[in-house]
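Data block below; observations after.
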2 protein chains.
Amino acid sequence: MKFTVASFNVNSIRSRKELLLEWLLTNCPDVICLQETKVRDIDFPEDFFKEKGFHAIYKGQKSYNGVAILSPHPITPLNSDLGDVAEPGEARLLAASVKGIPIINTYIPQGQAVNSPKFSYKLSWIKSMRDYFNTNYLSTLPLLWMGDFNVAPEPKDVHDPKRLYGKVGFHPEEHLALQYVKEWGFQDVFRMHEPEAGHFTFWDYRIPKGVERNLGWRIDHIWATESLAKRSTRAWIDMEPRRREKPSDHTLILAEFELSGESI
Amino acid sequence: MKFTVASFNVNSIRSRKELLLEWLLTNCPDVICLQETKVRDIDFPEDFFKEKGFHAIYKGQKSYNGVAILSPHPITPLNSDLGDVAEPGEARLLAASVKGIPIINTYIPQGQAVNSPKFSYKLSWIKSMRDYFNTNYLSTLPLLWMGDFNVAPEPKDVHDPKRLYGKVGFHPEEHLALQYVKEWGFQDVFRMHEPEAGHFTFWDYRIPKGVERNLGWRIDHIWATESLAKRSTRAWIDMEPRRREKPSDHTLILAEFELSGESI
DNA sequence: GATGCCCTAG
DNA sequence: CTAGGGCATC
């Protein structure tokens with residue numbers, strides 16, 4: 001059985017729901033994780049997707065953040081509580097199981113500015129993910145961690161590593177924090193299939209013609225535990241959502257897994 | 001020499017500048033008076049119009065009000081100070097001379113609600129225009145007073161005079177105040193050429209399909225002193241700016257004058 | 001009710 | 001640059 005997952009920072013589900021639905025109907029992933037839905041649960045356009053056969057779970061708040069998981073298959077909610085580190089009310093983590101595979105969808109804090117309280121918060125938030133995994137899952141079993149990590153892990157994940165080194169999103173402390181969680185048992189599925197530099201998922205709105213000039217960052221990720229990662233057959237970035245009138249500042253990443261054959 | 005003037009409440013010059021420029025290039029008026037530019041002078045898109053050959057003078061403030069005059073001809077600023085009645089900082093009056101003709105562009109206060117302080121302010125504001133004209137001009141000479149007056153002078157200037165009588169914009173005290181200024185020496189140029197009811201320049205956003213159902217008000221005006229009014233050849237309302245995606249709640253009025261022949 | 005500005009956030 | 005939300009105006 002082929003299993004395709006996707007992640008997309010929509011930057012408002014209400015602004016991008018038509019684009020997203022079209023993309024879903026064309027590309028037929030088994031799961032899509034969304035970040036920055038920017039909507040209260042009461043206003044999430046659940047019916048809009050339900051009418052076309054998609055299940056949805058979501059955790060939102062007013063104006064900011066917000067995460068959701070959509071699938072044509074049934075979705076089973078899992079524990080989505082990060083613990084004491086996370087500020088109450090912040091909708092940044094949503095976990096669910098689809099076809100028996102646990103999927104953790106996160107919108108990691110952006111961090112604002114190095115030396116700001118929000119940057120420290122980002123580091124703590126990331127590190128506490130390890131506790132969350134330890135408490136709720138086994139690294140020996142299939143597991144997906146995906147979403148907007150707001151961190152470009154390696155030099156080849158930013159367009160100008162020399163200039164950007166030490167900036168928010170490409171800072172050694174962020175790398176350390178993320179590495180610490182990765183060592184719980186994750187592999188970067190995109191990087192398994194694409195060793196080259198210059199593949200990005202995010203472009204700052206404030207940089208003119210950033211996409212055309214490829215001045216981006218790879219900060220959206222699909223990570224998997226070993227047992228699942230070794231069954232990945234493909235991982236790629238889809239630029240289609242960027243070829244629209246008002247694109248999000250992120251684009252979409254995907255990974256494909258072959259789950260047939262001997263059991264894991 | 002033909003001389004064509006126009007008035008348009010743009011409801012934000014920044015939102016409507018493309019629409020306006022296209023209209024100007026198509027219709028080639030000698031002067032256009034704008035109201036509700038809603039922009040500080042520092043942010044007025046002067047270059048946008050200058051590039052296409054238009055001179056501009058403007059008086060704006062943050063968020064509200066704001067008046068401007070555009071012309072392909074040179075514009076000479078005139079005294080634009082209404083006096084003590086006007087609240088300081090409010091950008092509602094802009095006077096300038098184009099081809100030797102003084103043009104006074106006003107955005108008269110809307111008045112909010114009858115019996116509100118803003119309604120009293122509106123009445124005082126209107127009446128003080130007579131002092132302004134007395135101080136700065138001669139009623140025997142050519143002069144144009146135009147803009148958004150926020151008053152429909154006659155029953156035929158509203159779609160339902162019976163029901164609307166006494167409401168803001170069609171109130172006897174407003175009629176009295178406006179009449180008092182008119183008697184300084186003005187003629188309603190549009191009415192000289194169009195005696196029929198049902199010609200409007202404003203439709204309330206709150207009335208569904210107001211334009212299609214013609215549920216409007218004629219509150220934008222072009223008035224001229226006798227010597228100029230008698231040279232008017234035409235006056236009309238142009239609905240073209242309403243046939244757009246996001247039209248202003250007002251549309252555009254025009255008047256044409258023939259200034260050749262014996263001197264005034 | 002529709003629109004536009006300001007503000008915050010990314 | 002582009003969201004949402006709050007606010008004021010009409």
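Each chain gets a letter, A, B and so on, in the order its sequence line appears, and its residues count up from 1.
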Choose from [options] the nucleotide whose nearest atom is closest to any side-chain atom of [X].
| X | options | result |
| --- | --- | --- |
| R14(B) | dC10(D), dT3(C), dC6(C) | dC6(C) |
| K118(B) | dT9(D), dG5(D), dG4(C) | dT9(D) |
| R16(B) | dT9(D), dT3(C), dG4(D) | dT3(C) |
| K62(B) | dC6(C), dG4(C), dG4(D) | dC6(C) |
| K246(B) | dA3(D), dG4(C), dT8(C) | dG4(C) |
| N11(B) | dC10(D), dG4(D), dG4(C) | dG4(C) |

Taking atom [atom2] of [N] as reference, at what distance in whole Å does atom [atom1] of [X] sit?
| X | N | atom1 | atom2 | answer |
| --- | --- | --- | --- | --- |
| K122(A) | dG10(C) | NZ | P | 10 Å |
| E245(B) | dG4(C) | CD | P | 12 Å |
| Y64(B) | dC7(D) | OH | P | 11 Å |
| F119(A) | dA9(C) | CZ | P | 18 Å |
| Q35(A) | dA9(C) | CD | C1' | 17 Å |
| Q61(A) | dG5(D) | CD | C1' | 13 Å |
| L19(A) | dT2(D) | CG | P | 14 Å |
| N150(A) | dA9(C) | CG | P | 15 Å |

Side-chain N,O ([X]) to OP1/OP2 ([N]) below 4.0 Å:
| X | N | value |
| --- | --- | --- |
| S15(A) | dG4(D) | yes |
| S248(A) | dA3(D) | no |
| Q110(B) | dT9(D) | no |

Comparing K38(A) and Q112(B) on DNA chain D - which has the more 5′ nearest nucleotide: K38(A)
Mutual orientation of the aromatic rings belonging to F44(A) and Y58(A) [parallel < 30°, tilted 30-60°, perpendicular > 60°]: parallel
Whether H159(A) and F200(A) hold their rings parallel, tilted or perpendicular, with breakpoints at 30° and 60°: perpendicular
Interatomic distance, L20(A) atom CG to N27(A) atom CG [nearest 0.5 angstrom]: 10.5 Å
Heavy-atom pair with the smallest gap, counting every atom of R206(A) and P208(A): O-CD, 3.3 Å
Y132(A): ring-ring contact (aromatic ring centres under 6.0 Å, His included) partners, not counting sequence neighbours: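 Partners of Y132(A) under the ring-ring contact (aromatic ring centres under 6.0 Å, His included) test: Y137(A).
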Touch class at under 4.0 angstrom, heavy-atom based, for Y107(B) against every strand present: sugar-phosphate
Sorted by number, the residues of residues 200-217 of chain B with heavy-atom contact under 4.0 Å to DNA chain C: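 Those residues whose heavy atoms fall under 4.0 Å from DNA chain C, taken from residues 200-217 of chain B in numerical order, are Y205(B), R206(B).
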Member of F149(A), F170(A), Y180(A) meeting the ring-ring contact (aromatic ring centres under 6.0 Å, His included) criterion with H175(A): F170(A)
Matching residue for S248(B) among E36(B), R242(B), R16(B) - test: side chain to side chain contact (heavy atoms under 4.5 Å, CB included): R16(B)
C33(A) and its side chain to side chain contact (heavy atoms under 4.5 Å, CB included) partner, picked from I103(A), L144(A), T106(A), I253(A):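 It is I103(A), the one option of I103(A), L144(A), T106(A), I253(A) that forms the side chain to side chain contact (heavy atoms under 4.5 Å, CB included) with C33(A).
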